[in-house]
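Quantities reported herein were computed from a predicted structural model and do not represent experimental measurements. All ligand and atom numbering here is 1-based and tracks the order in the structure.
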Amino acid sequence: MISDDLFKEALKVLPGGVSSPVRKFEPHPFFAKKGEGCILYDVDGNRYIDYCLAYGPLILGHAPEKITSAVCEQIKKGSAYGTPTKAELELAKLVIERVPSAEMIRFVNSGTEATMAAIRLARAFTGKDKILKFEGAYHGAHDYVLVKPGSGAAAAPDSPGIPQDTTRNTISAPFNDEEAVASIIEEDDNIAAILVEPVMANIGCIEPEDGYLKFLRKITSENGILLIFDEVITGFRIAPGGAQEYYNITADLVTYGKIIGGGFPMGALAGPRRLMEHISPAGDVYQAGTFNGNPVSVTAGITTLKELTDDLYKELNKKGEIIRKGIKDILEDNNLEFYLAGLSSMFQIYFTQEKVKDYTSAKTANLEIFKKYFHSLLKGGVFVPPSQFECCFISAAHRKEDLNMTLEVVEESIKRAVKQSPR
Ligand SMILES: Cc1ncc(COP(=O)(O)O)c(C=O)c1O
Ligand SMILES: NCC(=O)CCC(=O)O
């Protein structure tokens, strides 16, 4: 059966034909058959150089041999125990080695669970109710954070089904705007935490302006507010110690997901002992899960972190530079002033001439051009997330030839998309 037929079948049994809204695009998504290195194959016989990489976790590419064999060995010994394991202790230590601010860690099953637990802990610790997040930031699909969210939820914001009593405790501010945050804090002494994606990667890829994270650190410390870095995307991607290391800022709590599970379901919440010891059963802030610290995910996480050496990060950064320099040249050669964003092994082109620094400027992007660009890339054998408001990722498995081939397809696709779209 080909993707077209499978999608028709899927629509009958899966809401929207998919298991997560970001996966849907017109006329229908392709159905994946297998992934190998940086290549994703579909059931229709196509192959794509993959820059979606399952939305970020696959930093080593699809099915890396070391992970596959470690995981297979683990599965033979059991897939869940409901008891502690030596492996989760090993992963905890590996994270703590890389992330100096982390003295303790709680493993959960997703980024969503991690931010939910972080918020609960922050509220319990500070005795305050509200959280401040940023417009266009996505922290998962739970009630506390679906206020002006990014990613797929940007198209359908403020989901029905969330009590106003919940969302009234979530304030959002424009990113990279010091005054907005300062005035909210001045007027409200009931803020438990600022929750921030240090690099906003769910509305494309927006870096913090110079000094912005430092400002957040200072204003939170001065006002008894916890600073939570949501590093579900940046964690173990932009540096071994994530955005805390990259920008040299120490957050109070950090949430992880994606890469930490080595391509398997996992999230985590990490921080100093003084905070983490409030989590049950050490403390009374309840957090639990049947699959927390699942040995299969933990094994994949350990194997992945061990592969992520300084040399590998250098290589990944170099690949990011090749792609970004290549796209910059394409834009210049064609007299196009679109905004190119990215760092390390992350990138996105915004089809706008504005400098993108927050949700409002990101929203000036021409989505018609993006759609044409996306479909043209797909036709040329390059898969990126199907939304202007997601980020593209590069893996250790992408080779120079893949990057060069990609740049050819990108050039053709940008030209075609612009030509076909009235501006
Ligand atoms: C920054 C950030 N936080 C949290 C999440 C939620 O993670 P998950 O999809 O694993 O629940 C995501 C997912 O994309 C994310 O990008
Ligand atoms: N950047 C948004 C995501 O990664 C979400 C993935 C999903 O829900 O499938």
Can you produce the list of protein nitrogen or oxygen atoms under 3.5 Å from a nitrogen or oxygen of ligand 2, alongside each distance?
from: ligand 2; atom 1: 1 (N); to: Asn202; atom 2: OD1; distance (Å): 2.5
from: ligand 2; atom 1: 1 (N); to: Glu390; atom 2: OE1; distance (Å): 2.6
from: ligand 2; atom 1: 4 (O); to: Lys258; atom 2: NZ; distance (Å): 2.6
from: ligand 2; atom 1: 8 (O); to: Ser20; atom 2: OG; distance (Å): 2.7
from: ligand 2; atom 1: 9 (O); to: Ser20; atom 2: OG; distance (Å): 2.8

Item to check | Note: Arg274-Glu277 ion pair, threshold 4.0 Å (strictly below) | outcome: no
Checklist entry - Is any side-chain N of the basic residue among Lys86 and Glu90 closer than 4.0 Å to the acidic one's carboxylate O? => result no
Next on the checklist: To check you understand the geometry: which heavy-atom pair defines the closest contact between Ser395 and Gly61, and what is its length?
Outcome noted: CB-N, 3.5 Å
Checklist entry - For the rings on Phe134 and Tyr359, is their centre-to-centre separation under 6.0 Å? => result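 Distance test on ring centres: not under 6.0 Å, no.
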Checklist entry - When the ring centroid of Phe374 is compared with that of Phe25, is the distance short of 6.0 Å? => result yes
Should the pair [X] and [Y] be classed as cation-pi, given the thresholds of under 6.0 Å to the six-membered ring centre and 45° from the axis?
X      : Y      : result
Arg123 : Tyr144 : yes
Lys34  : Tyr41  : yes
Lys363 : Phe389 : yes

Next on the checklist: Residue by residue, ordered by chain and number, which ones reach under 4.0 Å of ligand 1 with a heavy atom?
Outcome noted: Ser110, Gly111, Thr112, Tyr138, His139, Gly140, Glu197, Asn202, Asp230, Val232, Ile233, Lys258
Checklist entry - In terms of ring plane angle, is the pair Phe347 and Tyr51 parallel, tilted or perpendicular, where the classes change at 30° and 60°? => result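 Ring orientation, 0 to 90° scale: perpendicular.
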